[in-house]
Amino acid sequence: MRRYNLSNTDFAEKVYREVRRIKKGQIATYKEIALAIGKPMSFRAVGNALNKNASKTVPCHRVVKSDLSVGGFNRGTKEKIKRLSSEGIRIKNGKIVSR
DNA sequence: AGGGTGACCCGCT
DNA sequence: CAGCGGGCCACCC
């Protein structure tokens with residue numbers, strides 16, 4: 001399957017804008033982002049935007065699932081966990097222990 | 001215009 | 001408590 005650039009779309013822009021707001025050591029869920037951009041039911045597409053783009057100007061590693069499990073990551077789940085750990089976020093068995 | 005994909009979510013079994 | 005199924009959305013061919 002091919003990856004496409006969604007970074008040019010208005011939707012993705014909104015998503016990135018919100019994700020950039022997340023401060024170091026903090027996390028947000030896909031659903032929260034969707035809600036923040038005014039589309040509570042677009043959590044699916046939110047994950048898409050992050051996956052397709054994976055910009056480094058956006059801390060996509062701070063975005064996790066609603067149940068606080070790590071979720072996916074383009075560069076590998078391990079990397080995601082590493083980064084989160086580096087920011088002081090504790091992860092237990094693939095799940096976020098504390099915000 | 002229709003079908004297929006994906007870093008998801010929720011409820012029911 | 002874990003697993004399955006159905007339902008959302010945006011985007012590409």
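Every chain is numbered from 1, with letters handed out A, B, ... down the list of sequences. Since the structure is predicted, the reported quantities are computational estimates derived from the model, not experimental observations.
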Handout entry: For DNA chain B, the residues among residues 25-41 of chain A that have a non-hydrogen atom under 4.0 Å from it
Key =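 Within this stretch, A/Tyr30, A/Lys31 sit under 4.0 Å of the strand.
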Handout entry: Neighbours of DNA chain B within residues 81-93 of chain A, by heavy-atom distance under 4.0 Å
Key =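 Of all residues in residues 81-93 of chain A, none places a heavy atom under 4.0 Å from DNA chain B.
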Handout entry: Between B/dC12 and C/dC8 - P atom distance, rounded Å
Key =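 Each nucleotide's P atom is 15 Å from the other's.
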Practice task
Could you tell me which non-hydrogen atom of A/Pro59 sits nearest to which non-hydrogen atom of A/Ile22, and how far apart they are?
Solution key: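 Shortest heavy-atom separation between A/Pro59 and A/Ile22 comes out as CG-O, 4.5 Å.
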Report yes or no: does [X] contribute a side-chain atom to a donor-acceptor pair with the main-chain N or O of [Y] at less than 3.5 Å?
X	Y	value
A/Tyr16	A/Thr57	no
A/Thr77	A/Phe73	no
A/Arg99	A/Ile27	yes

Classify the nucleic acid contact of [X] as base, sugar-phosphate or nothing, counting any heavy atom under 4.0 Å across all strands shown.
X	value
A/Phe11	sugar-phosphate
A/Thr9	sugar-phosphate
A/Leu50	base

Practice task
Quick one: do A/Phe11 and A/Val46 satisfy side chain to side chain contact (heavy atoms under 4.5 Å, CB included)? Show the steps, please.
Solution key: CA-CA 8 Å; A/Phe11 178 78; A/Val46 172; 4.1 Å; yes
Can you tell me how far [atom2] of [Y] sits from [atom1] of [X], rounded to the nearest 0.5 angstrom?
X	Y	atom1	atom2	value
A/Asn51	A/Cys60	CG	SG	9.5 Å
A/Met41	A/Leu35	CE	CG	10.5 Å
A/Lys65	A/Ile96	NZ	CD1	12.0 Å

Exercise for the section: Between A/Val64 and A/Asn48, name the one whose nearest nucleotide on DNA chain B is closer to the 5' end. Expected result: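 Counting from the 5' end, the first nearest nucleotide belongs to A/Asn48.
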Please give, in whole Å, the distance from [N] [atom2] to [X] [atom1]?
X	N	atom1	atom2	result
A/Asp67	C/dA2	CG	P	11 Å
A/Leu6	C/dC9	CG	C1'	12 Å
A/Phe73	B/dC8	CZ	C1'	17 Å
A/Asn53	C/dA10	CG	P	17 Å
A/Asn51	C/dA10	CG	P	17 Å

To the side chain of [X], which of [options] is closest?
X	options	result
A/Lys52	C/dC11, B/dA7, B/dG6	B/dG6
A/Phe43	B/dA7, C/dC12, B/dC8	B/dC8
A/Ser42	B/dA7, C/dA10, B/dG6	C/dA10

Exercise for the section: Taking the side chain as every heavy atom from C-beta outward, state whether A/Leu84 and A/His61 have any atom pair closer than 4.5 Å. Expected result: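 Answer yes - side chains close enough.
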Exercise for the section: Confirm from the modelled atom types if A/Arg44 and C/dC9 form a donor-acceptor pair under 3.5 Å, side chain to base only. Expected result: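 Side chain to base: no pair present.
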